[in-house]
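Here's the structure we're looking at; comments come further down.
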Amino acid sequence: MERFLRIDRRIIFAIITVAVIVSLILRFELPIPPSEPVQGVYGKIESLPKGSHVMIAFDYDPSSKEELQPMAIAFLHHCFSRDLKVIGMTHYTGAPGLADQAMTSVANQYQKKPGEDYAFLGYKPGAASLIINMGENLYSAFPKDFYGNDTTTLPVLQGVDSLREIDFLFDLAAGTTIETWIVFGKEKYKFELGAGCTAVMGPDMYPFLQSKQLSGLLGGLKGAAEYEALVGKKANAVSGMRPQSVVHVIIILFVIFGNIVYFTSRRARHA
Amino acid sequence: MNFLKRTVPLVIAFVMGVLMAMQYYVPHKLSQDLLEVVSRWDRIIAGFAVFIGAYSLFHLHWTRIKRKVEGWGYSIFVYFGAIITLIFGFLNGGKFFWNDKQQGTMFDWLYYYVQVPAGATIFSILAFFIASAAYRTFRARTNESTVLLIAAVLVMLGRVPIGNYISQYIPAIADWIMAVPNLAAKRGILLGVSLGAIATSLKIIFGIERSYLGGGD
Amino acid sequence: MRKDSNFFILVGTIGLFVCINIFLMASGKLPFSSDGFGIILGAGLTLAIYSFLYKDNPAFKIAENLYVGVSLGYTIIITWFNFLKPDLYDPLIVPMFSKAAEKAPQYALIFPSLLGIFMLLRFSRKLSWLSRWTFAFVVGLGAGVSIPRVISAFILEQIKPSLHPVFSGGETILSSINTLLIMLGVISVLIYFIFSVEHKGAIGKVSKIGIWFLMISFGASFGYTVMGRLSLLIGRIQFLLRDWLNILQ
Amino acid sequence: MSVSQEVVKESYLEAGRPDAYNSDNVFLVASEQFPYVAAVGGIMTREKPAANFFIGYFYAEALILAETGSTTGAIQIAGTDAYTQLPFFITTCDYTLIGEELYAASAYLSREPMLMGTLRAQDVGKGILIIILILGTILASFGLVFITHLFEAF
C-alpha cells in the first residue's frame with residue numbers, strides 16, 4: 001500500500017493540470033447562490049442614490065490578480081451601471097496598471113468620462129499615515145491624480161473633502177489592508193466599509209463582519225463569482241467555479257486516500 | 001556623540017508617541033491640523049523607504065555578479081529587466097519624466113506582459129505543492145489535526161457549488177463553521193494580538209523596546 | 001548523456017512553442033500587433049515558470065529574475081510619478097527654481113524630505129546613526145497613533161457585539177446557542193493564550209476547549225488557503241487557454 | 001505599520017535570515033523564496049536530519065519546507081506567529097507552537113524579566129477582557145445594558 005504514497009509528485013501535478021483544463025473546456029452549469037456577506041456589499045451599493053461617491057482601494061498586485069481583478073471588474077460594473085461616482089487609489093506599488101486597466105475598460109462600456117464620472121488617484125506610500133492624511137484632507141494626501149491632473153479641479157471629487165464624505169469604501173485586499181482601513185480610517189472617519197479579499201485572508205475577516213465594522217465581504221474567487229452572478233456579468237470567476245469544484249473534490253480524495261494508507265500501514269506495523 | 005546617537009532618538013520616539021496618543025483625545029482645530037501635517041510628513045518619509053528596498057535588491061544582485069557566485073548569470077537578468085523598464089519609464093512615450101505620465105507607453109506594455117503574467121504565475125505554483133502535500137503529508141496524526149482536517153474538508157466542499165449537489169446541508173455547515181467557531185477563535189486571537197501590539201507600542205514610547213535603533217553604539 | 005537529454009528537452013519545448021505561435025499568428029487567432037506579441041511573451045513566461053514543476057531549470061530562473069527586475073523598475077517609476085513628483089518635485093523644487101511658478105514653494109516639506117534622506121544614510125558607515133532619528137520619528141509616531149485606535153477599533157468594538165443578551169425573546173434557540181458558543185470560544189481562546197497561570201484544573205479544562213476552537217478555525221483557514229491557491233492556478237490556465245490559444249470563448 | 005515591519009524584521013534577524021526580510025514589497029520575497037526553499041529542501045533530502053525546527057515568521061514557503069521534511073521521516077517541530085501558515089504546520093509537523101506561545105516559550109526559556117513582565121501585563125489585560133465579557137453578557141441577558149452603553153460612549 002505504502003508504495004502508492006511514494007509516486008513521483010509530478011504525476012500529481014499532471015492530474016491537477018488535466019483536471020483544470022478539462023473542466024474549463026467542458027461547459028456545465030453550476031448554481032452560484034449569493035452568500036450573506038456578498039449580499040451585504042451588493043445591497044449597500046443598491047441602496048446608494050445616484051451620484052454617491054464610492055472609493056475603491058486596489059490594494060493588491062499581480063500575484064493576487066487572478067482572485068481580485070475579477071472582483072474589481074464585477075464591482076465596477078455594478079457602480080457604473082448605478083451611476084455612482086467612482087474614485088480609485090492604491091497602497092501597492094504593483095497595482096496602478098491593473099487598477100487603471102480595470103477602471104478604464106469598464107467605464108468605457110458605460111460611456112463614463114475620466115475626471116467627471118470617475119478618477120484614479122494612483123499609488124501613495126505611507127499605509128496608516130496615508131489613510132489618516134486622507135481622513136483629514138483628501139487633497140493634501142493626493143494633490144494630483146494618476147495622470148498628473150490637479151485633484152482640486154476634478155468634478156468627480158466635488159463635495160468630497162476627506163474620507164468622511166465617502167459614501168462607501170470598498171477595499172480589495174491581498175494583505176492586511178482591511179485591518180489598516182478599519183483601525184486608522186473607519187474608526188475615526190466613520191465611513192461605510194466593505195471589502196473583497198483573497199481567500200487566504202477570508203476567515204480572518206469574520207469578526208469584523210459580525211461587529212458590523214465591515215458591511216460585507218467578497219472572499220476569494222467564490223466571492224467574485226457570486227458578485228458576477230448578482231450583477232449579471234458572468235465572466236472569469238463564474239467559469240472558474242467549474243475547475244474549482246472539481247479540483248476541491250480531487251484534493252479531498254487525496255487527503256482521504258493518503259490518510260487511509262497512513263493508518264492501515266501503521267496498524268500493520270503495530271500488529 | 002552618544003547623546004546624538006542614543007538619547008536623541010529615544011527622546012524623539014517618546015515625544016512623538018505621547019503627542020500623537022494625546023492628540024486623539026483633543027478635538028481642537030489645532031490638534032487636527034497637527035494630525036494632518038504629521039501624517040503627511042510620515043507618508044512622505046515612508047516613500048523614501050521604497051529606495052531602501054530597491055537599493056538592497058540591486059546591491060544583492062551586484063555582489064552576486066561581482067563575486068561570480070554560482071548562478072550569477074541570472075542576476076544579469078534582474079539588471080536587464082530593471083534598466084529596460086527604467087529607460088522606458090523615464091522616456092515616458094517621448095514626453096520625458098518631468099512631464100505627467102502618459103498612457104499606453106512601452107513602459108505599460110512591459111508591466112502588462114512581463115510583470116503581470118510572471119507575478120501571477122509564481123504564486124500559483126503553490127497550488128501544485130498543496131495538491132501534492134494533500135496526497136503525501138496532510139495526516140490526522142493527532143486528535144487536533146483530525147478536527148482541523150475535518151473542518152477543512154467541510155469548508156472546501158461547502159464553499160464551491162458542488163457542495164450543494166452532494167447535500168444542501170454541507171454549505172449550511174460550512175457557513176456555521178465560518179460564522180461561529182471560526183469567528184470566536186479569530187476574535188480571541190485578534191484580542192490577544194491587539195493587546196500585544198499595545199504592549200509593544202508602549203515599550204517603544206518608553207524606550208524599552210529599542211530594536212529600531214539597530215546594532216552598534 | 002543525461003545533460004544531453006535535458007538539452008534536447010529544452011530545445012524541443014522552445015521549438016514547439018515557436019511553432020505554436022507562428023501558427024496562431026498565421027491563422028489570425030492572435031493579432032499581429034504589440035498586444036499579440038505581448039500575449040506571446042506573457043504565455044512564454046507563464047510556461048517557463050511552470051517548467052519549475054518538472055525540474056529547476058534555466059528557463060525558470062531567467063523568467064523569475066526578469067520578473068524581479070521589471071517589477072523593481074516599475075516600482076521606481078511609479079514612485080517617481082505618483083509620489084516624488086506630485087509631493088516634492090512639483091510643490092517644492094519647481095517653484096524654488098522657476099520664476100514662472102504661480103505658487104510659492106512649500107518650504108515645510110523640507111523637514112520630512114530631510115528625515116527621508118536621513119533614512120537612506122543607513123547605507124553610509126559614518127552617518128548611519130542619523131537614520132535612527134528617522135526611525136525613532138516613524139516608530140514613535142506609529143506607536144502613539146496606534147494605541148488609542150487599536151483599543152477603540154480592535155478591542156472595544158470587538159467586545160461590544162459579544163455583550164449580547166443570550167435570551168431576548170424573538171430569537172430562535174439556535175441563535176441563542178450560537179451566541180453562547182461564540183462567547184465560550186472567545187473566552188477559552190483568550191485563556192489558552194494566558195501563560196502566567198498554570199493550565200490545571202478549571203483553567204486547564206477551559207483552555208482545552210480553546211484548542212478545539214482554534215483547530216476548527218485553522219481548518220477553515222486551511223480550506224480557504226487551498227481554495228485561494230487553486231484560484232490563482234485556474235486564472236493562469238484561463239489566460240493560456242483563452243487569451244493565448246483561443247480555445248475558450 | 002512601521003512597528004509591525006520592525007517586529008517582522010526582528011523576527012527575521014532572530015531566525016538568522018535577515019536577508020529574507022522585506023519591508024512592503026512582496027516581490028523581494030519572491031526573488032529569494034524559491035531558491036531558499038530549494039536549497040533547504042536539498043539539504044533535508046540529502047542529509048536526512050533527525051529533527052527539523054521551523055521557528056519564526058513564514059510566508060508561503062512554509063508548506064513546501066514542511067512537506068519535504070515530513071517525507072524524509074524527521075521529527076518536526078514548528079513555531080510561528082504567521083497565522084495563515086499555521087494550519088500547514090499543524091498537519092505536517094509533530095508539534096506546533098501557536099502564535100503567542102512562541103513568545104511565551106522564549107520568555108520562559110530565557111527567563112528575561114522584561115519579557116516575562118510584558119507577558120504578565122498582557123495576561124492581566126486578557127483577564128480583564130474575560131471578566132468584562134462574562135459580566136457584560138450576564139447583565140445584558142437580564143436586561144441591564146449599562147455596560148454595553150458604557151462602550152457606546154467611546
Side-chain angles (χ1 to χ4, degrees), chain A residues 5 9 12-13 15-17 30-33 35-36 61-66 93-94 97-98 100-101 124-127 129-130 132-133 136-137 140-141 144 146-149 202-204 206-207 209-210 219-220 222 241 244-252 254-259 262-263, chain B residues 24 32-33 35-36 38-50 99-103 108 111-112 115-120 122-124 127-128 130-132 134-140 149 152-153 155-157 159-165 171 175 178-179 182-183 186-187 189-190:
Chain A
L5 288 184
R9 59 154 79 149
I12 296 167
F13 297 164
I15 294 174
I16 299 293
T17 315
L30 287 171
I32 302 174
S35 59
E36 206 182 319
D61 61 7
S63 54
S64 317
K65 166 209 166 222
E66 305 297 356
T93 42
L98 287 171
D100 190 36
Q101 192 181 40
K124 283 279 184 227
S129 297
L130 173 61
I132 295 176
N133 199 173
E136 295 297 324
N137 183 348
S140 100
K144 302 272 177 80
F146 188 55
Y147 290 105
N149 303 309
D204 296 351
Y206 275 74
L209 281 172
Q210 196 220 13
K222 175 74 188 316
M241 280 302 109
Q244 190 92 49
S245 294
V246 172
V247 181
H248 274 205
V249 172
I250 292 178
I251 288 195
I252 289 168
F254 278 172
V255 172
I256 293 173
F257 179 76
N259 275 290
Y262 173 74
F263 281 108
Chain B
Y24 182 83
Q32 280 173 355
D33 289 348
L35 185 63
E36 187 195 327
V38 171
S39 63
R40 187 177 179 195
W41 285 4
D42 189 54
R43 75 172 176 78
I44 288 176
I45 297 170
F48 284 86
V50 169
N99 289 300
D100 295 332
K101 190 186 173 305
Q102 302 297 304
Q103 262 171 302
D108 293 322
Y111 172 78
Y112 288 125
Q115 189 176 349
V116 170
I122 282 182
F123 286 88
S124 74
F128 292 103
I130 280 194
S132 122
Y135 186 73
R136 305 200 303 177
T137 42
F138 292 156
R139 295 286 175 268
L149 280 177
V153 165
V155 167
M156 279 172 67
L157 279 180
R159 275 292 172 263
V160 284
I162 220 162
N164 276 320
Y165 279 126
D175 282 338
M178 296 308 291
N182 168 63
L183 183 149
K186 293 280 152 64
R187 178 168 288 159
I189 292 173
L190 179 69

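Proteins come first, then strands; the chains are lettered A, B, ... in the order of their sequence lines, and each starts at number 1.
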Checklist entry - Considering only heavy atoms from C-beta outward, does the side chain of B:Lys186 approach that of A:Tyr206 to under 4.5 Å? => result no

Checklist entry - Just how far is it from atom CG of A:Leu209 to atom CG of B:Leu183, taken to the nearest 0.5 Å? => result 8.5 Å

Next on the checklist: With a 4.5 angstrom heavy-atom cut-off, is it the side chain or the backbone of B:Phe48 that approaches chain A, or both, or neither?
Outcome noted: neither

Item to check | Closest approach of A:Gly94 to B:Gln115 (non-hydrogen atoms, all atoms of both residues) | outcome: CA-NE2, 4.2 Å

Checklist entry - Can you tell me how far the NZ atom of B:Lys101 sits from the CG atom of A:Asp100, to the nearest 0.5 Å? => result 7.0 Å

Checklist entry - Does A:Asn259 reach the main-chain N or O of B:Phe138 with its side chain, forming a donor-acceptor pair under 3.5 Å? => result yes

Item to check | Exercise: identify the closest heavy-atom pair between B:Pro161 and A:Pro31 | outcome: CB-O, 3.3 Å

Checklist entry - Most heavy-atom pairs under 4.5 angstrom with chain B, which of A:Ile32, A:Val247, A:Leu98, A:Ile15? => result A:Leu98

Item to check | Inter-residue atom distance B:Leu35.CG - A:Asn137.CG, 0.5 Å rounding | outcome: 11.5 Å

Checklist entry - Could you state the interatomic distance from OH (B:Tyr135) to CD1 (A:Ile16), rounded to the nearest 0.5 Å? => result 12.0 Å

Next on the checklist: For B:Tyr111, give me all partners under ring-ring contact (aromatic ring centres under 6.0 Å, His included), at least two apart in sequence or on another chain.
Outcome noted: C:Tyr74

Item to check | Contact winner vs chain B - A:Gly148, A:Pro33, A:Ser35, A:Gly202, heavy-atom pairs under 4.5 Å | outcome: A:Gly148

Item to check | Interface residue of largest heavy-atom contact number with chain A, from B:Gln103, B:Gln32, B:Gln102, under 4.5 Å | outcome: B:Gln103

Next on the checklist: Distance check, rounded to the nearest 0.5 Å: B:Leu149 atom CG versus A:Ile252 atom CD1?
Outcome noted: 10.5 Å

Checklist entry - Does the side chain of A:Ser140 come under 3.5 Å of the side chain of B:Glu36 through a donor N or O and an acceptor N or O? => result yes

Item to check | Leading residue by heavy atom contact count with chain A [cutoff under 4.5 Å; candidates B:Gly47, B:Ala46, B:Ala131] | outcome: B:Ala131

Item to check | A:Pro203 backbone acceptor or donor facing B:Asn182 side chain under 3.5 Å | outcome: yes

Checklist entry - Got a second to check how far B:Arg159's CZ is from A:Ser245's OG, nearest 0.5 Å? => result 13.0 Å

Checklist entry - Is chain B contacted by the side chain of A:Glu66, its backbone, both, or neither, given a heavy-atom distance below 4.5 Å? => result side chain

Item to check | Heavy-atom contact with chain B under 4.5 Å, split by part of A:Phe263 | outcome: side chain

Next on the checklist: Does B:Ile162 form a side-chain contact (heavy atoms from CB on, under 4.5 Å) with A:His248? I'd like the steps, not just the answer.
Outcome noted: CA-CA 9 Å; B:Ile162 220 162; A:His248 274 205; over 6 Å; no

Next on the checklist: Pair A:Glu36, B:Asp175 - check side-chain contact (heavy atoms from CB on, under 4.5 Å), show working.
Outcome noted: CA-CA 9 Å; A:Glu36 206 182 319; B:Asp175 282 338; over 6 Å; no

Item to check | Whether B:Arg43 side chain and A:Leu130 backbone form a donor-acceptor pair below 3.5 Å | outcome: no

Item to check | Distance-minimising heavy-atom pair for A:Ile251 and B:Met156 | outcome: CG2-CE, 3.9 Å

Checklist entry - A:Phe13: what forms a ring-ring contact (aromatic ring centres under 6.0 Å, His included) with it, not counting sequence neighbours? => result B:Phe128, B:Phe129

Item to check | Contact summary for A:Tyr147 and B:Asp100, nearest pair of heavy atoms | outcome: O-CB, 3.3 Å

Item to check | Which of B:Ala152, B:Ala118, B:Ala140 touches chain A most, by non-hydrogen pairs under 4.5 Å | outcome: B:Ala140

